[in-house]
Every structure is written in C-alpha cells, then in structure tokens.
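Per chain, numbering begins at 1; letters A, B, ... match sequence-line order. Note that this is a predicted model, so its numbers are computed, not measured.
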2 protein chains.
Amino acid sequence: MQMTLTAPAPSHADIRSAGILASVRQAFLDKGFDGASMQDLARAAGISVGNFYRYFPSKAAIIQALIEHDADMVQRDFAAILTSDQPMATLRQVIRARVLGDACADDLALWTEVEAASRHSAEIAQAAQRMETEVLGNFLAVFAAETGLSLAQAHQRYSTTASFVLVMVKAASCLSCGAHIDHTAVRAMILASIDQALGQVAP
Amino acid sequence: MQMTLTAPAPSHADIRSAGILASVRQAFLDKGFDGASMQDLARAAGISVGNFYRYFPSKAAIIQALIEHDADMVQRDFAAILTSDQPMATLRQVIRARVLGDACADDLALWTEVEAASRHSAEIAQAAQRMETEVLGNFLAVFAAETGLSLAQAHQRYSTTASFVLVMVKAASCLSCGAHIDHTAVRAMILASIDQALGQVAP
DNA sequence: TTTCCCTGAATGAACGTTCATTCACACTGG
DNA sequence: CCAGTGTGAATGAACGTTCATTCAGGGAAA
C-alpha cells in the first residue's frame, strides 16, 4: 500500500484536464470569461465542443478549475519557499522576480479578469478569496519563521504588512498590460515600497 | 450672443442620456459589461429596450459614454485642484480622501471592470488609456506648478512618480470590494507610500 | 462484439438590434 | 370650445445570430 498524503493518483483524465486548462487560459485572456464562447475554448484546446463536457461539466467549472489550478501552483511555490534555507530571503527574491519580471506572463495575467468576475459571481469570488487568504497565510508563515514568533503572534503583528505586500504585487502585475509605456522605473518604485514594508518584519 | 467656451448647450437628450448613464452604472457593476444584457440595462434605467437606442446607438456606445463621463469628472476635479491656492496640498488632500475613504463608491468601482475589458476591446482600452494619460498629465501639471519647473522638465523628472502614485491610488481603490476584512491599516500604509513618493517632488 | 474516446450537427434559450405601432400632447382652423 | 393633424417619445414583440449544452453516431483498440 502506497502512502500518498498529497494527491491519490493523477488519473488519465486529470492529466488531460490539466492540458486543456493550459490551452484554454489564453482564450480567456483574449476574450474574458464571459466573452469567450465554448467554441472559442474548444478551438483553443484543439478538441471538439462536445468533448469538452467529458472533462468539465460546465463553462463555470472550467473557470473554477483554472483558478484552483493557479492556487495549487502558488501553494507549491510557497512550499518551496518555506522549506528553503532562508525563507524570508527566498520570499524577497521571488517577489522581486515577480514585480520586476514580465509579470504579464502566465498566471497573474488572469487576475484582473478574476477580480472583475468576483463582483458578478459568488463562486468565483469565493475561490479568489480562498486563494488570497491562502497567500496571506503563507506570507505570515514566512514572517513567523523569520522572527521566531508563533503564527498567532505573527498574524497579530504583520497581517497588515502581508496584505500590503500582496496588494503591491498585484498592482505591479497589472501594470503595463497596456503595452504603451516602459514601466520599469515604476516597478522599481513598487519593489522599493515592498522592501520597505518587509523591512519592518526583518531589518 | 452668448459666449460659451465650454459646452454649447446641454440639450434635452443630453440630460436624459446622463440620467440613463447614472442608472445603468449599477447594472454594469452588478453583472459586468458582458454580463449585463440590454434588458437588464433597460430595467435599471426604467425605460424600454427599444427606447435605449434613441439615446445610444449600441451597447458598446453606452460603455464608452460611461467611461468618458467619468473622465470628464476627473478632469473637473483636477481643474479645481489646479486653480486652488496650493495645488500640491489640495492634490494630497484629494488623494488622501480617495485612498482612505470608501473608494468603492461611484466612479472607481467600475475601474476593475474597465481594466478587464481593456484586454478584450480595443475601443475600451483606448478610452481607458486616454483617461490614464490625462490623469498623469494633470499630476505633472500640479508638480510643475509646485516646483516652478516647466511641464517638459516636470515630465522628465517626475513621470515615474506620477505613474507610481496613480498605480497606488488604483490599488487602494480596488481594495476591500470583497467586504471581508477591514483594510483601514492597509490603506494607511498605501497612503504613506504615496506621501513618501510625493515628498520627492515637494518635501 | 463491446468499450471507449471523440466528433460536429442539433437544440432551445438568450443575446443585441430593429421595427411597426401606440401614446401623449401641442398646435391649428373653425 | 372642439375635431383634425403632426410630432417625437416610448413600447414590446420579432428578427437573425450566437450562446451553452446535448446527443446520435463514427472509428479505433481490445
């Protein structure tokens, strides 16, 4: 008997679903959750419309799966951060890469869409909020590890800092998606603000 | 003959259109640009579907008019700021109110939707970008007035600062629209970052 | 054959838009 | 005062299209 504490087994359908999700992401980015039709999604995934319903029961389910997939990725990133030698330093490095790098890349580009959709759909809002509290919790876990405080103490002292950092990272990610100006300097200012905030935790 | 340099005359239809726009805003907020149907909009405005097309040629035109209306409001705010005794101090005060106050109020609540829609519609992206450059230009005008520099010089020195402040104000506005946590402390941190950036212009 | 994956046409609902029609009312000639 | 006439605002049903979803069946592997 195998001990698998994480996932039971990545079945064939699960792998296929993940591939479909990856293909579908760009279509949602181009047209939005409401704007992208099932035919657009099918074309993007390279499968027929009907076949879609073998893997996802509805269009809404696709969106939810997409968000949860991203949440899993974030969770995995934080797992790596927390098990690294110096979690706080690693976190700073990851944040720096996110803010300065081409943040319009894969996962964060969908966030604008998710935030907008959260206003209209209670289910999406719930998924988005779950992801956000998850990230905040991971921030605080890093802070707790860095300072030696308990999670409760870290929450009490640094939850504002964590929220602030999250807001700033999101703000930086939404930058320059309209590709008109070079936002490098602005990104640097944002990163400076983040570093300043993180300095309150560990100077 | 009357000298009207601003608007020629607010015709009856124009007044009516403005009223319709105000009514329609909440419907768009509730369901999104794509999610709100013409029947939703008509119900919100208290008129029939067909009558809508007397005032706006298409659904897209309603959205564009909504954005341009908000742009006019912003322009009016900046006109008041620039003609005040101390433009820089007034600007700081307005920003403080926007960041700390209930920014989910009328105009800024639509911005999330606009940013998302900008990805899918070139026309909306254009309108949004026009509004953004307009705001940045006004920021720089205030900075120029404060420092005594020319507009070109102010642009060269402070355009990054202006972009940063705009990003921060937008970030603060998108906060706490999911009404789960009290973001007062986070707002205060954002305001502190903005004040710090503005301090580079006028200490 | 049975089983499984897949297709693309079919379906009814809902969409944005248009249109024939109705309504309220001001103005006229008597 | 009243019929007659013209006007523009307003309606809601109808149009063609597109949507999400379903389904009868094709074709390969076992």
Side-chain angles (χ1 to χ4, degrees), chain A residues 9-67 113-114 116-117 119-124 127, chain B residues 9-67 113-114 116-117 119-124 127:
Chain A
S11 78
H12 177 68
D14 285 345
I15 297 173
R16 194 73 203 279
S17 301
I20 293 176
L21 278 187
S23 311
V24 145
R25 166 172 265 116
Q26 190 59 45
F28 275 134
L29 275 176
D30 288 341
K31 303 203 172 190
F33 289 150
D34 280 338
S37 69
M38 286 301 288
Q39 327 213 1
D40 292 328
L41 300 180
R43 203 176 306 121
I47 63 174
S48 68
V49 180
N51 197 20
F52 232 112
Y53 288 84
R54 299 185 62 79
Y55 299 97
F56 300 98
S58 69
K59 188 183 174 185
I62 302 173
I63 298 172
Q64 278 190 263
L66 203 53
I67 296 175
E113 197 68 36
V114 171
R119 295 179 165 283
H120 327 131
S121 152
E123 296 157 0
I124 294 182
Chain B
S11 79
H12 178 68
D14 285 344
I15 297 174
R16 194 74 204 278
S17 300
I20 292 177
L21 278 187
S23 313
V24 148
R25 167 172 263 114
Q26 189 60 45
F28 274 134
L29 275 175
D30 287 341
K31 303 203 170 188
F33 288 151
D34 279 338
S37 70
M38 286 301 290
Q39 325 216 359
D40 291 329
L41 301 180
R43 204 176 305 119
I47 64 176
S48 68
V49 179
N51 198 21
F52 232 111
Y53 288 84
R54 294 200 147 277
Y55 300 98
F56 300 98
S58 69
K59 189 183 173 186
I62 302 173
I63 298 171
Q64 278 189 262
L66 205 53
I67 296 175
E113 197 67 35
V114 171
R119 295 178 165 283
H120 327 129
S121 153
E123 297 156 1
I124 294 182

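Within the 4.5 Å cutoff, the side chain of A:I20 has no heavy atoms near those of the A:S23 side chain. Counting heavy atoms from C-beta on, the side chains of A:F33 and A:V114 come closer than 4.5 Å.
For the pair A:L41 CG and D:dA20 P, the computed distance is 7 Å after rounding to whole Å. As a whole-Å value, the separation of B:R43 CZ from C:dG16 P is 12 Å. With rounding to whole Å, A:I20 atom CD1 is found 12 Å from C:dC5 atom P. Here the C1' atom of nucleotide C:dG16 and the CG atom of B:D40 are 12 Å apart, to the nearest Å. In this structure, B:F52 places its CZ atom 12 Å from C1' of C:dG16, rounding to the nearest Å. Here the P atom of nucleotide D:dT22 and the OH atom of A:Y53 are 7 Å apart, to the nearest Å. Remark: P of C:dA14 and CG of B:D34 are 17 Å apart, rounded to the nearest angstrom.
Contact between the side-chain N/O atoms of A:N51 and the OP1/OP2 oxygens of C:dT7 is found at a separation under 4.0 Å. Phosphate contact (OP1/OP2 of D:dA10, side-chain N/O of B:Y55, threshold under 4.0 Å): present. Look at B:R54 and you won't find any side-chain N or O under 4.0 angstrom from OP1 or OP2 of D:dG8.
For the atom pair CZ (B:F56) and CG (B:L21), the distance works out to 4.0 Å, reported to the nearest 0.5 Å. Note that CG of B:D34 and CD1 of B:I63 are 7.0 Å apart. Values are rounded to the nearest 0.5 Å.
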For this session: Start with the C-alpha distance between B:F28 and B:L41, add both sets of side-chain angles, then the distance that settles side-chain contact (heavy atoms from CB on, under 4.5 Å), and finish with yes or no.
Result: CA-CA 8 Å; B:F28 274 134; B:L41 301 180; 3.7 Å; yes
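Side-chain proximity of B:S48 to the nucleotides D:dT21, D:dC19, D:dG12 is greatest for D:dG12. The nucleotide whose nearest atom lies closest to any side-chain atom of A:Q39 is, among D:dC19, C:dT17, D:dT11, D:dC19. Out of D:dT21, C:dC15, C:dT17, the shortest distance to the side chain of B:M38 is found at C:dT17.
When heavy atoms are screened at a 4.0 angstrom cut-off, B:A36 is found touching the sugar-phosphate backbone but no base atom.
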